[in-house]
Structure formats: C-alpha cells, structure tokens
2 protein chains.
Amino acid sequence: MSIGTKTFNHATSGQVPDMGGLVAFLGTNGFSGEAENWDEGRVSGFPTAASVLEFERNQAIFSDGDPAGSFYKVTSGAVRLCKLFADGRRQIAGFCFPGEYFGLACQGKEYALTAEAMIGTTVVRFPHSCLADLDRSSAEFRSHLVALLCGELSLAQNHLLMLGRQTVKERIASFLLMMLDRRGRDRRDGVMLDLHMGRQDIADYLGLTIETVCRTISDLKRAGVLGVPGPREIVVKKIRLLQDTANGEA
Amino acid sequence: MSIGTKTFNHATSGQVPDMGGLVAFLGTNGFSGEAENWDEGRVSGFPTAASVLEFERNQAIFSDGDPAGSFYKVTSGAVRLCKLFADGRRQIAGFCFPGEYFGLACQGKEYALTAEAMIGTTVVRFPHSCLADLDRSSAEFRSHLVALLCGELSLAQNHLLMLGRQTVKERIASFLLMMLDRRGRDRRDGVMLDLHMGRQDIADYLGLTIETVCRTISDLKRAGVLGVPGPREIVVKKIRLLQDTANGEA
DNA sequence: CAGTCTCTACGGGTTTTCCCCGAATGTTCA
DNA sequence: TGAACATTCGGGGAAAACCCGTAGAGACTG
C-alpha cells in the first residue's frame, strides 16, 4: 500500500526522550496552533522507530476499523478524516495540513475513522508506544499537549455550530475563513487560497450536497466576493463581505 | 449568583498531590467512561481550594466570553454547554452528567461557550491552577487523562456525523441510544430513561426545531418503539427497532 | 381553593430550503 | 485527441422549517 518507506531506527540519544512536538492530534481536525515552529521533523528525538511514508491522491492511510497502532504527522500534502456510512453517505470530521497530527483518537484498539491523502502527501508515522513514554517527557511538552487538545475540541465545537445552526451561505463563508486561518493566510483582499480539495470534500465537510456547494460559491462569485481561477483555488476579493456572510449579516 | 458555597481550604496532605480523577473534560461533552469509579468527590487530594456550588434550573454556571479561571465536575444534576447566536439561534455542544467534567476548553483566557444547569445541580469547582500541578501527578492519572480526551473527541465526532449526515429519525434514535449509554442504562426493552431536559434542548443538540423533535418522538411512540410517561421521561419498549432506526434501517 | 400565568407539548397548513435527477460544460490525464 | 472525471446549471419534489393555534401541567397569586 504505502509507497516509499524509509525507516529510521537510530539509537536513543541517551537523554530524556524528546517528544519532538508530539502535538497530539487526536483524530479530528488537525490543530497545530503555534506548533509549527516546534519541530517539523525532529524525529530524531523519538525513542522508537519512526517511518516516513508517502501516499498518492485518494490513497487510504488507515481505515475505519483497522487495528490502531500508530499516529501520524503530516509533513507535506493534505489529509482528510472521514466516516463512511453503509449507504454511501460520508461525513468529513476534519482535515490535516502540514505540521498537524492525526490518528491518536483510537477508542480502544481500532481507528474510528478513515484517513486518506487528498493530494500527494508525506507523513511521519510514530508507533503508539511513543505515548507510553509520556511520563518521561518534559512538563513543557505536556502542557503543550493539553493546550493542543483544547484547540482540537474548540475546532470540533465550531464545526458543530456550522453543521447544526448555520445556513448554507454562512457555512461556506465560515469554511473559507477557517481555511485562510488554517493555511496561515492573512485576512485581506486579494488573498489566494489553495483548497487542495474538490467540491465533494467541501460538501461532505459541511453536511451539504455538491450542487449546493457549487451554487453557493457561484453566488459569491457573482456577488464579487470571490474569484475562482481554478476548481481548487479561491481568491478572496472582498474579505469584509465574506466575514459578514459568515456572521449571517448578508 | 451561586447559592450554597462551601469552600475547602485544607492543608495539602504533604504527599504528592492526588489529582483525584481530574478527568479532563475539556468543554464539550462530558465523557467519563470508567471514570465514575475513580473518585466522586475525592476533593481532599487537591492542592488548592475547591468549592462546592449549587445551581438552580436554568442558572448559568459560566457564560461565553467570561474570563476562564476554573473547571468543574458535576456531582449531581445535569449541565448543558451551548453557544448562542446574536439572532437567537442556539446550538448545544454537549451535556454533562454526574461524574463528568467541563470548563477546561478555554482557548486562551475566556470560555468559548456557556454552561447552564438543566435541573438543580451540584458541581465542584477547581481553579485552573490545579492543572499547572499536572507534572507532579501520577503517570496513571495522565494516561487516564489522555484516554478521556480521546473519548471526548470521539463523542464530538459522533455528534458531527449526526448533524451532518443523519436524517431526523436517525438523529432522535441515536440521541436516545447515546443517552442510555451515558446514563449507564442497559440496552434492553422496558428501560426507563430520565432525560432531564425539555424538547427544546433536544432540538438544539440535534440541530432541529422543537416541532420536528415532538413529531418524531410521537411517530416512534405510535410505532410502539417508545413510551412517553412524562415530558422528560422515555421508556424504550423495542430497543431493537430503535437501533435499526438509528442505523437508517427503518 | 379558584384563577391566572407561563412553559411545554403537539397538531395542521404553508413556505422555503435543499436534495435528487438529468444534462451540459469544463478540466485532467493517458 | 479522446476518455474519464469534476464542476456547473436547471427543474421537480420531498422534507423540514416556519407560523399558527390548542391543550395540558405546574407555579404563583389572591
């Protein structure tokens, strides 16, 4: 399945193991916060074997029900975490971009959802046994872990608001604003945004159909709020209007 | 505001502070898992002052935007965590029942949502400074903490599925099954369930209107799946049918 | 105790939203 | 270039929101 596997099995450096920004992404949205500058590949501190893996577009990294043994950090590309119903319905619980973690939320012994590469993606895989060494990790790291988990939950809460009580326009606008923040883009007119996903992914994240997503984006384009240079690219032309739309003031 | 406040300010027992089942409920759904038997009032181990507070039905424990200084454990009653829109829309992010924690998910310095007592409720309040002592707490507790956070996130993911992709009937059925599990009830015919909430709370949790909730519960009653002895009580008469409904097989 | 008030539950009718189906257009890749 | 796929657009229909009204239970008042 996985193509291009390089395994590091270096000796532990003899010191207290550095958890290397094991920033606890427990399975929903990746949330890094200021974690970006924590390491970015400081794999070397880990006491156990870590592997670098590459995945093609739409390739599964792990699937709902698989035995859970590892968690992952995205180094390049993008990952979606989703749940599939028997009848084909799909809900995306979150996305992961470079610097973010996923695969820790294994209730019991199995993954509760499926992780797939949305584009060509490189990840680092860590065995869960790394977590058992949490005791010996630094206090700084541990409080960082808690902060990131809080951020995780806040992201999920925001997602709940969108799905439960926002209109279609509000959801689309909120989604785009979230993507701007997530990808480190400023909130200013003319900013270009690479979505790295198709309309179906947006629909399954927002609990809508692909048609509704298309229509709403077209509406925003017609209103001069957005530009759409390509299917996976968005230019925000009037950020203020987009924010108003997200807040239901349009 | 708070009525009946008793403050313990006992001397630290001179030992390593016992976090007393500080089971990390970070602001969304309370999730206790097997935490029920962890302590249940073992406040005595805490290094800092903890207070027992009582709240009346519909009284706010803290509000969205309040400065965040404490987290809470429910000892009796029930708590809802919700977000209010300016135009009156409301989304309930989760409920907390005895043994569960809330109020840890303060992104930054302010609470991100509002906590209200759904019925007469007793809680224990812990200052956030307790968390700073996390270092000195036991390894057992810390792994417990991580497990509970994972459970938290799984609950939120489940909620996302409900809001995003389930039909009205599926949501109601899933909600009732979740409540059964949450309140420690067996999944068997004839089980009585105290909801401790009105129809509006159910609606705001499931992203529906109160009319739709009423109608759907009536439908299930007519179908012989449920009995409704009181407005806040449900008797599950055909658990199998309820499960089928939750899975879209009805 | 009667009376009033409020909150909650529930039913019906209307309107809107958004899903479903079909088709045309655009994009990507072999 | 052609084939496969994704996106966009339009029309019909079903589901749920919305707006109405009714009724019952409980709380408060006198």
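We use all heavy atoms of the structure for the numbers below, so side chains are in, but hydrogens, waters and symmetry mates are not. Here is the naming used below: chain letters follow the sequence lines, and residue numbers restart at 1 for every chain. None of the values given here were measured: they were computed from a predicted structure.
For the residue pair A/Thr75 / A/Thr122, no side-chain donor-acceptor distance below 3.5 Å is found, with atom types taken as modelled.
Using cut-offs of 30° and 60° on the angle between ring planes, the pair A/Tyr205 and A/Phe175 is tilted. Using cut-offs of 30° and 60° on the angle between ring planes, the pair A/Tyr72 and A/Phe102 is parallel.
Judged by the 6.0 Å and 45° rule, A/Arg183 forms a cation-pi pair with A/Phe97.
Every residue meeting the side chain to side chain contact (heavy atoms under 4.5 Å, CB included) condition with B/Thr114, not counting sequence neighbours, appears here in chain and number order: B/Ser63, B/Asp64, B/Cys82, B/Glu116.
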Side-chain polar contacts of residues 227-240 of chain B - donor-acceptor pairs under 3.5 angstrom, sequence neighbours left out - could you list them?
none

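Not one N or O on the side chain of A/Arg125 forms a donor-acceptor pair closer than 3.5 Å with the backbone of A/Ser51. Judged by distance alone, the side chain of B/Thr121 and the main-chain N or O of B/Ile119 form a donor-acceptor pair under 3.5 Å.
Axis deviation across the helix from C/dC1-D/dG30 to C/dA30-D/dT1 amounts to 50°, comparing end segments of five pairs, rounded to 10 degrees.
Looking at B/Arg165 and A/Asp204, a side-chain N of the basic residue comes within less than 4.0 Å of a carboxylate O on the acidic one, giving a salt bridge.
Screening residues 210-220 of chain B for salt bridge (charged side-chain N to carboxylate O under 4.0 Å, His left out), with sequence neighbours left out, gives B/Asp219-B/Arg222.
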Letter by letter from the 5' end, nucleotides 5-19 of chain C scores (B base, S sugar-phosphate only, - none; protein heavy atoms under 4.0 Å) ----SSSBB----SS
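Taking 4.0 Å as the cutoff to heavy atoms of chain B, we find the contact window on DNA chain D bounded by D/dA16 to D/dC19.
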